[in-house]
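Report on the following structure.
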Amino acid sequence: DDDDDDDSTGMDWNLRKCAAAALDVIATVYGDNLGDDSAFLLQILLPHLKELLSAEWELKEAGILALGAIAEGCMNGMTDHLPEIVPYLLATMKDTKPLVRSMTCWTLSRYSQWIVKVPEYMSTFVELLLKRILDENKSVQSAACSALSILEEEATTDLVPYLGYILQTLSAAFEKYQKKNMLLLYDTVGTLADSVTEHLRIPEVVELLMPQLIKKWNSLQDFDRDLLPLMECMSYLAMALQDSFLAYCEVVHERCIRIVTLCLQQQENALANPDHYEQCDPDFIVVPLDLLSAIAEGVGAGVESLVPQHNILDIVAKSAQDSRPEIRQSAFALLGDYAQVCFVHVRPQYGLFIQLLSRNLNPGVTAVCNNATWAIGEIAVQASRHALEMEPLLPLFLPQLLEILKKLDISNRNKTLLENTAITIGRLGLVCPQIIGSELQSFMKNWCAAMRDFRDNDEKHQAFQGICRVITTNPQALMQDFPFFCDAVLSWQDTPTDLFQYFSQILHSFKSSAQRQGEGTWERYIASFPETLRDPLIKKYGL
């Protein structure tokens, strides 16, 4: 009777779910947020829950559900009780009732941030969770898969010691699971890849996982919707495995291109003859394009030989002209990735691509505008390396980029777009410093504001290299916004050597200019800076 009590009845389940959701809200409002006063909620709840946990299985399951419901809101308050509760729940994962086992998986996952810090509980939880993944009951399989995904996100590389056991279990699950739980399994594998990344790049590990996925890949028809979550799973694996994914690139590339090509043809037919053809499902263009992007990001220059074989860039160009924004968004992401890893194939058509990108710099369609802006920046970096002429193309997009930087406020909604715009304008300084320099005074303050919180990485490095070249072409334009530039300079946690030299040159040049205006001018000026800006600037750059 292992499939009994699977809790699939509608009204009872809905009522219980609503009650748990209400308890979750109460715990969030009256739990840890009240600080020292939060204990009164647990004082009310815990005696009732302990009664439930020792009762018959239906009440026990309700108590376990309630424990999970209060986890997020009462995590701090529950910490003192978890050494008693977690061992009980771990034992309950072996309960004879499937509904109790599945609910326990969910509740323990809600406390995973605490469990990962306690090695003996972590080890037992992983072991029992993997057994539940291969449970005979489908609801338990589902709950265990979801719980493992949550644990993967919380534990990340702490799961590395268990990787062999995890992958053996997931490989067995591919043989066992049916359609519904198979989709959850794809998500669990993708989350694992995202969490442990390079630790999957071991031949034995790859051999446990990839043959099963390729088997599923080959068993599904091109327009089976179950192929889409498998593609999303493959995207995470391509980025994690990197060169270890090369052996699977060609078969994956070929299918993605075939599906997108068929969809684009169907779309052309639907527009030309809407009475006889339906528009294609955009997911069958977006998801394959995103998978191609992930492969380019993961494998890098390893895709260079595949791109010309399938006329991928022609497909990117067609996708970039689709009326649906989600398709253009994915097309521009792929274009930016190809510009980065195999510009040799983008170069012959880069003028066309710049035109397509320029038509999509509308901040009202934020995601499309963001990817188009980023792709222009990637092309600019390559243009600077390959001595390509970009100046004739600047009127197509530079006014729009400057308008975005000047007009949008720095809010959470606009933050990524503004940062990408600032990065791209900085990168353009690498290839067209004179023209960017002529506009410097109009955007420098906003550029600095957008860059001050940006993490240290290669994109930021390139943007600051470009903006320093721009400043040297028009140093007077920096005068009114000099404090903002200083603030942006100090945003670096670990300043690259070449930038340190650039910054020193610009800062000391500005100091010398101020000193020529009269004795004490520089000292009075720097003294007007906030102490938190002035002191580290003087200490680091000898001002």
Side-chain angles (χ1 to χ4, degrees), residues 370 373-374 377 380-381 384 398 401-412 414-433 435-514 522 525-543:
N370 192 48
T373 299
W374 172 75
V381 170
S384 70
L398 183 59
L401 293 177
L402 293 175
E403 193 70 9
I404 291 170
L405 197 58
K406 293 175 195 175
K407 293 293 178 68
L408 289 187
D409 62 292
I410 303 178
S411 63
N412 287 334
N414 298 322
K415 191 173 189 294
T416 302
L417 176 56
L418 281 170
E419 288 175 344
N420 263 335
T421 304
I423 290 285
T424 294
I425 289 172
R427 286 168 146 185
L428 287 167
L430 294 170
V431 66
C432 308
I435 294 178
I436 306 299
S438 68
E439 301 284 349
L440 184 63
Q441 192 167 344
S442 71
F443 71 80
M444 191 60 192
K445 179 179 177 180
N446 287 13
W447 190 92
C448 294
M451 292 300 300
R452 68 184 306 274
D453 294 324
F454 198 82
R455 67 192 181 282
D456 293 4
N457 63 14
D458 288 342
E459 291 183 358
K460 182 176 179 178
H461 190 173
Q462 292 160 357
F464 270 90
Q465 285 176 322
I467 210 68
C468 287
R469 291 189 192 181
V470 168
I471 289 169
T472 59
T473 70
N474 189 10
Q476 294 302 311
L478 181 62
M479 291 188 66
Q480 68 181 34
D481 297 318
F482 184 71
F484 297 98
F485 174 70
C486 294
D487 184 50
V489 163
L490 289 177
S491 72
W492 280 91
Q493 300 299 311
D494 186 14
T495 310
T497 302
D498 64 323
L499 287 186
F500 184 85
Q501 293 171 351
Y502 265 133
F503 294 157
S504 295
Q505 179 183 347
I506 292 169
L507 295 171
H508 281 276
S509 175
F510 195 91
K511 177 182 177 180
S512 298
S513 177
W522 168 252
Y525 180 67
I526 195 72
S528 69
F529 283 24
E531 183 179 339
T532 54
L533 177 60
R534 179 183 66 244
D535 291 354
L537 198 65
I538 291 173
K539 181 179 179 181
K540 187 168 184 176
Y541 291 98
L543 296 173

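Starting from 1, each residue takes its place in the sequence as its number. Note that these values count all heavy atoms, side chains included, but never hydrogens, waters or copies made by symmetry.
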Value for CD1 (I435) from CG (N474), rounded to nearest 0.5 Å, stands at 13.0 Å
Test item: I506 and L478 side chains (from C-beta on) under 4.5 Å apart, heavy atoms: yes
Below 4.5 Å, heavy atoms only, C-beta onward: do F510 and Y525 meet side chain to side chain? yes
Working to the nearest 0.5 Å, report the span between CG of N420 and CG of N414. 12.5 Å
Contacts of type side-chain hydrogen bond (donor to acceptor under 3.5 Å, both in side chains), residue Q505, not counting sequence neighbours: none
Please determine whether side chain to side chain contact (heavy atoms under 4.5 Å, CB included) holds for the pair L440 and I436, giving the CA-CA distance in whole Å, both sets of side-chain angles, and the decisive distance to 0.1 Å. CA-CA 6 Å; L440 184 63; I436 306 299; 6.0 Å; no
Quick one: does F454's side chain get under 4.5 Å of I423's, heavy atoms only? yes
Considering residues at least two apart in sequence or located in another chain, which fulfil the side-chain contact (heavy atoms from CB on, under 4.5 Å) criterion with S442? K406, E439
Test side-chain contact (heavy atoms from CB on, under 4.5 Å) applied to C448 - qualifying residues, sequence neighbours left out: M444, F484, F485, A488
Tell me, do T421 and I425 make a side-chain contact under 4.5 Å, heavy atoms counted? yes
Pairs involving residues 527-537, ordered by first then second residue, that meet salt bridge (Lys or Arg N to Asp or Glu O under 4.0 Å) (sequence neighbours left out): none
List the atom of A450, the atom of L418, and the distance in Å for their closest heavy-atom pair. CB-O, 3.9 Å
Going through the distances and angles, do R469 and T473 end up as a side chain to side chain contact (heavy atoms under 4.5 Å, CB included)? CA-CA 7 Å; R469 291 189 192 181; T473 70; 5.9 Å; no
Note: V470 and G429 closest approach over all heavy atoms is CG2-CA, 3.6 Å
State which residues pass side-chain hydrogen bond (donor to acceptor under 3.5 Å, both in side chains) with W447; sequence neighbours excluded, sorted by chain then number. none
Name the orientation class of the two ring planes belonging to F500 and Y541 (parallel below 30°, tilted from 30 to 60°, perpendicular beyond 60°). parallel
If every non-hydrogen atom of H508 is compared with every non-hydrogen atom of G542, which pair is closest and at what distance? CE1-O, 3.4 Å
For L533, what residues pass the side-chain contact (heavy atoms from CB on, under 4.5 Å) criterion, not counting sequence neighbours? C486, D487, L490, F529, P530
Looking at CZ of F464 and CD1 of I471, how far apart are the two atoms once the value is rounded to the nearest 0.5 Å? 9.0 Å
Rounded to the nearest 0.5 Å, what separates atom CG in D481 from atom CG in N446? 8.5 Å
Return yes if some donor-acceptor pair links the side-chain N/O of W522 with the main-chain N/O of S513 below 3.5 Å, else return no. no
Chi angles and distances behind the side chain to side chain contact (heavy atoms under 4.5 Å, CB included) call for Q480, Q441: CA-CA 8 Å; Q480 68 181 34; Q441 192 167 344; 3.1 Å; yes
Go through the structure and list residues passing side-chain hydrogen bond (donor to acceptor under 3.5 Å, both in side chains) with Q501, not counting sequence neighbours. none
Checking D456 now: which residues fulfil salt bridge (Lys or Arg N to Asp or Glu O under 4.0 Å) with it, not counting sequence neighbours? K460
Going by salt bridge (Lys or Arg N to Asp or Glu O under 4.0 Å), name the residues that satisfy it together with E459, two or more places apart in sequence or in a different chain. none
Hits for side-chain contact (heavy atoms from CB on, under 4.5 Å) against Q465, two or more places apart or cross-chain, chain-then-number order -> L430, H461, Q462, D498, L499
Do L537 and I526 have side-chain heavy atoms sitting under 4.5 Å apart? yes
Those residues that, when tested against K540, pass side-chain hydrogen bond (donor to acceptor under 3.5 Å, both in side chains) (two or more places apart): T495
According to salt bridge (Lys or Arg N to Asp or Glu O under 4.0 Å), who are the partners of K407, at least two apart in sequence or on a separate chain? E403
